[in-house]
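Residue numbers run from 1 in the order of the sequence given.
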Amino acid sequence: QVQLVESGGGLVQAGGSLRLSCAASGRTFSTYAMAWFRQGPGKEREFVAAMPWSGGSTYYADSVKGRFTISGDDAKNTMYLQMNSLKPEDTAVYYCAARPRNLYNTYAYTQDHNYNYWGQGTQVTVSS
């Protein structure tokens with residue numbers, strides 16, 4: 001059984017930084033596709049960033065491009081989301097997600113229905 005556990009959320013002022021972690025367990029993740037999504041208050045869940053666990057291309061929503069960085073640590077079975085220059089509109093619950101096989105086009109990575117496993121979420125609040 002795959003388990004994903006997020007951590008690292010919190011309250012930060014606009015312009016600040018946070019690093020989210022997603023600890024994965026239960027499988028070998030080398031063939032997995034991994035992603036971060038978020039859901040702001042009163043909003044639908046939206047794509048933030050994604051990558052194949054094995055490395056290579058990374059994918060970002062336009063709203064976070066240049067500010068957020070997705071990465072992974074094989075030795076720790078952990079995925080990260082480094083968030084810099086945070087804005088109040090980044091306030092949301094952030095979720096990590098995984099699927100057993102890589103996806104092969106950018107659009108597919110952005111679709112939440114393509115992911116089988118989800119964490120419980122971690123709250124990020126950015127004050128103005």
In one Ile/Leu/Val/Met/Phe/Trp/Tyr side-chain cluster, 4.5 Å: [X], [Y]:
X     : Y     : value
Tyr95 : Met79 : no
Phe29 : Ile70 : yes
Met83 : Leu4  : yes

If you look at every heavy atom in [X] and [Y], which pair is closest and at what distance?
X      : Y      : answer
Thr122 : Gly9   : OG1-N, 3.2 Å
Val93  : Gly121 : CG1-CA, 3.8 Å
Tyr32  : Val2   : OH-CG2, 3.6 Å
Ser128 : Pro88  : CB-CG, 3.9 Å

Should we count CD of Gln3 as having more than 12 external heavy atoms under 6.0 Å?
no

Hits for salt bridge (Lys or Arg N to Asp or Glu O under 4.0 Å) against Arg101, two or more places apart or cross-chain, chain-then-number order -> none

Could you walk me through whether Tyr59 and Met51 pass the side chain to side chain contact (heavy atoms under 4.5 Å, CB included) test, one step at a time?
CA-CA 6 Å; Tyr59 306 90; Met51 59 177 274; 5.7 Å; no

Any donor-acceptor pair under 3.5 Å from [X] side chain to [Y] backbone:
X      : Y      : answer
Asn116 : Arg99  : no
Glu6   : Cys96  : yes
Tyr109 : Tyr60  : no
Thr91  : Val126 : yes
Thr125 : Leu11  : no

Any side-chain heavy-atom pair of [X] and [Y] under 4.5 Å:
X     : Y      : result
Phe68 : Leu20  : no
Phe47 : Tyr107 : no
Thr69 : Leu81  : no
Arg38 : Asp90  : yes

Do Asn102 and Trp53 have side-chain atoms, one donor and one acceptor, less than 3.5 Å apart?
no

Do Asp73 and Thr78 have side-chain atoms, one donor and one acceptor, less than 3.5 Å apart?
no

I would like to know whether Trp36 and Cys22 meet side chain to side chain contact (heavy atoms under 4.5 Å, CB included); could you show each step before the answer?
CA-CA 9 Å; Trp36 290 96; Cys22 173; 3.7 Å; yes

To the nearest 0.5 Å, what is the distance between [atom1] ([X]) and [atom2] ([Y])?
X      : Y      : atom1 : atom2 : result
Thr58  : Lys65  : OG1   : NZ    : 9.5 Å
Tyr94  : Gln39  : OH    : CD    : 12.0 Å
Thr106 : Gln111 : OG1   : CD    : 11.5 Å

Geometric cation-pi criterion, Arg19 with Tyr80: 6.0 Å, 45°
yes

Anything under 30° is parallel, anything over 60° is perpendicular, the rest tilted; go ahead and classify Trp118 against Phe37.
tilted

Sequence neighbours excluded, the answer for side chain to side chain contact (heavy atoms under 4.5 Å, CB included) partners of Glu89 is Lys87

Verdict with supporting geometry, Ser71 and Gln82, side chain to side chain contact (heavy atoms under 4.5 Å, CB included)
CA-CA 8 Å; Ser71 63; Gln82 178 66 44; over 6 Å; no

Begin from the C-alpha positions of Leu18 and Val124 and carry the test side chain to side chain contact (heavy atoms under 4.5 Å, CB included) through to its verdict.
CA-CA 9 Å; Leu18 282 175; Val124 171; 3.9 Å; yes

